[in-house]
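Below is one structure; the comments refer to it alone.
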Amino acid sequence: MLGDKKVLFSGMQATGNLTLGNYLGALKNWVTLSDEYECFYSVVDMHSITVRQDPAELRNRARRLLMLYIAAGLDPEKNCIYFQSHVSGHAELAWILNCYTYMGELSRMTQFKDKSAKHADNINAGLFTYPVLMAADILLYQADVVPVGIDQMQHLELTRDIAQRFNSIYGDVFTVPEPYIGKVGAKIMSLQDPSKKMSKSDENPNASIYLMDDPDTIMRKFKRAVTDSEGAVRYDEERQPGICNLIDIYCACTGHTADETVAEFEGKGYGDFKTAVGESVVSVLRPLHSKMEDLAKNKDYIDRVIKDNAEKAQYAAGKTLRKVQKKVGFPEKIR
Ligand code: TRP
C-alpha cells in the first residue's frame with residue numbers, strides 16, 4: 001500500500017514495433033487501472049539489452065514508448081512513468097535477489113529456453129537472470145498487483161517464490177504480488193495464423209497491426225487476414241479461430257459484445273466484416289497518432305515528465321532497497 005491505494009507495477013520493452021495486441025491487451029487496460037491503483041509503469045530498457053540492440057535505436061524506441069504511455073491516456077502526474085535504467089535500485093536489488101534464486105529455477109523458465117534457442121550465438125548471463133531483474137522491478141515498489149500476459153505468468157510465479165523465500169528468512173520485507181489478468185482483449189492473435197499470439201517479432205508484417213501503421217495499411221492487413229470457408233460471422237473457436245480473433249478485436253475497439261457483433265453481421269460476408277473491423281481499429285488508433293505527434297513537438301514537457309517521475313520512482317525504490325540492504329547485513333551508510 002502507498003497511501004490508501006494498492007500498488008500496481010508493470011513494464012514493457014521498447015524492442016520491436018508495438019502492435020495492436022500490446023495496446024488492446026495491455027496498455028488500454030493500464031489506463032483503466034490507473035484510478036484504482038498507485039501505478040508504476042516502467043519502460044524496461046535494462047531488460048532489452050539481454051539481446052543485442054542498436055544503441056541509437058533503443059534510445060529512440062524507449063523514448064517513444066514512454067510517449068506512447070502518455071498518448072494512450074496515462075496521466076504522468078498520476079502514474080509514475082519512467083525508464084528502468086534511471087532508477088539504480090533495480091540493478092541493486094536484482095543483485096541481491098540473484099543470491100536468493102536457484103539456477104534450477106531459472107533453467108526451468110520457458111522464455112529462457114525459447115530465447116536461448118532463438119539467440120544461440122548470445123546466450124548471456126543476463127538472459128538467464130532476466131526473471132530476477134523482473135522480480136526486482138516488482139518487489140522494489142512493494143507492488144500488490146501486476147498486470148501481465150499469460151507469457152509472463154511463470155516469471156510472476158517465480159517473483160512470488162523469491163519474495164516468500166526472502167520473507168521467510170528475514171520477516172515481512174516484500175509484498176507478495178498477485179497477477180492481474182485483464183478481461184477484455186487479453187489476447188489478440190496473429191492475423192495470418194490465429195493459433196499464434198500477435199507478436200512484435202513476427203517475420204510476416206501482415207500478421208500484426210503495428211500501432212503506427214497508417215489507415216491504408218491497416219485496412220489492407222485486415223482484408224488479407226486469414227479466415228475460413230464457413231462464410232458466416234460466428235463465434236466458434238474450434239472452426240473459426242480467425243473470425244473469433246477479428247470479433248475480439250472489434251469488441252475491444254467498439255466496446256460491443258461478441259453476441260452483439262455476431263447479430264450485427266448476420267447475413268453479411270467476410271468482406272464487409274473485415275472492413276468494419278479495420279475501420280474500428282483505425283478510429284481507435286487515429287487519436288493515438290495525433291497525440292503522439294503533439295507530444296513529439298513538446299520536448300521540454302516530455303523531458304520534465306522523465307525527470308520528475310524518475311525522482312518519484314527513485315524515492316519509492318530507495319525505501320525498499322535500504323530495508324533489504326539492512327536485512328541482509330550490509331553496513332549502514334554514514335551520512
Ligand atoms: N518481461 C516483461 C515482458 O517482456 C516486461 C517486464 C519487465 C515486466 N519487468 C516487468 C512486466 C515487471 C511486468 C512487471 O513482457
Side-chain angles (χ1 to χ4, degrees), residues 6-19 21-30 33-34 37-51 53 58 61-62 65-66 68-69 74 79-87 89-94 97-98 101 106 109-116 118-119 126-163 174-182 186-188 197-202 208 313 316-317 320:
K6 287 193 167 180
V7 177
L8 179 153
F9 186 96
S10 201
M12 247 186 234
Q13 294 205 47
T15 34
N17 284 319
L18 289 184
T19 70
N22 298 119
Y23 178 67
L24 296 178
L27 209 43
K28 191 161 168 267
N29 290 327
W30 288 7
L33 294 166
S34 65
Y37 296 96
E38 180 73 38
C39 300
F40 292 86
Y41 291 121
S42 188
V43 172
V44 291
D45 48 359
M46 291 164 67
H47 277 90
S48 296
I49 63 164
T50 53
V51 301
Q53 303 294 338
L58 177 60
R61 283 185 194 277
L65 180 56
L66 185 127
L68 187 69
Y69 286 3
L74 292 172
N79 301 275
C80 190
I81 294 172
Y82 72 99
F83 296 120
Q84 183 185 30
S85 63
H86 285 188
V87 178
H90 289 259
E92 294 175 83
L93 183 61
L97 298 182
N98 263 316
T101 308
L106 293 175
M109 295 292 123
T110 56
Q111 193 174 77
F112 171 69
K113 291 188 226 173
D114 293 348
K115 285 202 181 172
S116 48
K118 205 166 151 195
H119 304 279
L127 196 63
F128 189 62
T129 59
Y130 173 116
V132 184
L133 179 59
M134 179 162 160
D137 299 342
I138 296 166
L139 301 180
L140 201 48
Y141 299 94
Q142 305 288 355
D144 297 278
V145 291
V146 182
V148 279
I150 205 83
D151 59 320
Q152 296 297 317
M153 273 302 274
Q154 201 186 20
H155 292 161
L156 191 58
E157 278 302 323
L158 179 68
T159 302
R160 289 168 54 84
D161 290 343
I162 297 171
F174 293 124
T175 303
V176 180
E178 301 282 343
Y180 181 99
I181 298 179
K187 208 168 179 194
I188 302 298
K197 195 172 128 170
M198 184 180 283
S199 160
K200 47 189 169 183
S201 49
D202 205 306
S208 308
T320 304

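These numbers come from the heavy atoms of this one structure, side chains and all, not from hydrogens, waters or symmetry mates. Order of listing sets the numbers, starting from 1, for every ligand and every atom in it.
- Annotation for Y141 and Y82: closest pair OH-OH, 3.1 Å, computed over non-hydrogen atoms.
- Enumerated by chain and number, the residues approaching ligand 1 to less than 4.0 Å through a heavy atom are F9, S10, G11, Q13, V44, H47, Y130, M134, D137, I138, V146, V148, Q152.
- Judged by distance alone, with hydrogens and angles left aside, the side-chain atoms of T320 form a donor-acceptor pair with the main-chain N or O of L140 at under 3.5 Å.
- Listed for the T175 side chain is no donor-acceptor partner under 3.5 Å among the backbone atoms of D144.
- Between the side chains of D45 and S48, no donor N or O sits under 3.5 Å from an acceptor N or O.
- Remark: the Q111 side chain and the D151 side chain contain no N/O donor-acceptor pair separated by less than 3.5 Å.
- The side-chain hydrogen bond (donor to acceptor under 3.5 Å, both in side chains) search around S34 returns none, not counting sequence neighbours.
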